[in-house]
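Worksheet: one structure, shown below.
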Amino acid sequence: MRKLQMVDLGAQYQKIKKDIDEAIQGVIDSSAFINGPEVKNFQTELESYLNVKHVIPCGNGTDALQIALMALDLKPGDEVITADFTFAATVEVIHLLGLKSVLVDVDYDTFLIDPEKIRAAITPKTKAIIPVHLFGQCANMDEINKIAKEHNLFVIEDTAQGIGADFKGEKAGTIGTIGTTSFFPSKNLGCYGDGGAIFTNDDALAHKMRGICNHGMYQRYYHDEIGVNSRLDSIQAAILRVKLHHLDEYNKARRKAADFYNEAFQDIPELLTPAKADNSTHVYHQYTLRVTNGKRNELKEFLESKGIPAMIYYPVPLRKQKAYDTGNYKDTDFPNTNKLIEEVISLPMHTELDKEQLEFIKESVLEFFTS
Ligand SMILES: *Cc1c(COP(=O)(O)O)cnc(C)c1O
């Protein structure tokens with residue numbers, strides 16, 4: 001059996017090696033390393049895939065979030081609501097810009113930000129909501145857009161884990177004011193280094209964000225905004241053009257593995273399989289179970305002893321991270337996050353899991369719960 005990994009990029013590469021190698025060599029031969037035709041072509045192809053007016057490629061998914069926030073002309077102290085249970089990048093950029101993060105609880109079954117909690121957290125200073133399409137399915141964008149409209153707020157969809165997912169037929173990241181994504185190698189559409197992109201249907205915001213990515217420059221050596229230097233390398237764009245063709249097939253392979261896991265574990269009462277969110281497809285960036293008998297850490301150790309990696313996404317809620325702990329939150333406002341950090345465990349999930357590997361993982365999990 002091939003060695004089990006959380007993500008098997010090596011096995012995936014072997015299947016597309018010829019196309020990838022040619023794409024990389026093509027960029028080297030052209031010497032168009034920055035903002036070359038590969039970047040422009042990838043941008044157009046991703047716009048077409050997502051059915052969105054503007055894709056703005058940038059350096060990584062964290063920059064994408066930061067640039068999106070920079071484009072909204074927020075003032076220091078303005079509040080941005082996001083989930084307590086997510087990767088830190090989302091809240092990091094809020095603080096970098098002198099804004100205030102307001103963290104809210106997520107739903108226990110879907111791990112997604114709870115619109116009712118967003119509603120309850122709104123103050124006169126609230127300016128934006130950042131729903132995170134965590135683990136590969138969409139937050140409730142109908143409700144979130146409705147709340148945003150009522151209170152005149154911007155919505156930035158953090159789609160780093162959800163690229164290719166649909167919400168009522170629309171692509172994740174194209175439903176709010178702005179969407180952002182990451183092409184970190186292990187993401188559903190990953191390159192071979194860092195990369196990211198921003199999506200919007202708003203012409204003025206798109207123009208502004210393109211400038212911010214490039215030192216706030218709209219005309220060479222005239223700087224109208226304080227910007228950043230955040231670009232997608234041509235080599236990464238060339239790789240992404242190859243992989244974009246496979247994205248739907250890759251997401252299908254992930255769903256197939258998830259379906260196998262769901263069926264394998266359905267009769268274990270102490271193990272809850274991930275719930276499907278309403279109106280969203282699932283692209284399973286992570287396959288995350290909840291262990292309700294308090295033995296999550298034992299299960300992790302047991303699996304690791306058999307050569308099966310397992311990860312805890314995420315062990316500490318953002319409001320309790322040293323960097324962001326304001327002491328202003330009440331534990332009782334976060335019953336779901338508090339439970340999830342103790343219960344969640346993510347199993348290997350990628351495009352190359354084969355029958356033998358899945359069976360072995362299944363048997364091992366069953367062995368843990370029956371012995
Ligand atoms: C990966 C990730 C990011 C950051 O992307 P980078 O490209 O690593 O900067 C942001 N938000 C979420 C939810 C992520 O999973």
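Order of appearance sets the numbers: ligands from 1, and atoms from 1 within every ligand. Computed from a prediction, not measured in an experiment: that's the story for all the values here.
When the heavy-atom distances from atom 11 (N) of ligand 1 to N60, I130, T90, D158 are ranked, the shortest goes to D158. In this structure, of G61, C58, G59, the residue bringing a heavy atom nearest to atom 6 (P) of ligand 1 is G61.
Of the polar atoms of T86, none of the N or O atoms is found under 3.5 Å from an N or O of ligand 1, judged by distance alone.
Under a 4.0 angstrom heavy-atom cut-off, D194 registers as lying outside contact with ligand 1.
When each of Q137, H133, R254 is checked for a side-chain contact (heavy atoms from CB on, under 4.5 Å) with H282, only Q137 meets the rule. With R290 as the fixed residue, the side-chain contact (heavy atoms from CB on, under 4.5 Å) test singles out one of T273, V344, I345: V344.
Contacts of V132 with ligand 1, taken as heavy-atom pairs under 4.0 Å, involve the side chain alone. Contacts between K187 and ligand 1 below 4.0 angstrom, taking non-hydrogen atoms only, involve the side chain exclusively.
Nearest protein neighbour of atom 4 (C) of ligand 1, counting heavy atoms only, is T62 OG1, 3.5 Å.
A cation-pi arrangement, defined by a distance under 6.0 Å to the six-membered ring centre and an angle within 45 degrees of its axis, is present between R319 and F334.
In this structure, F85 has its ring center at least 6.0 angstrom away from the ring center of Y108.
Not one N or O on the side chain of S234 forms a donor-acceptor pair closer than 3.5 Å with the backbone of V27.
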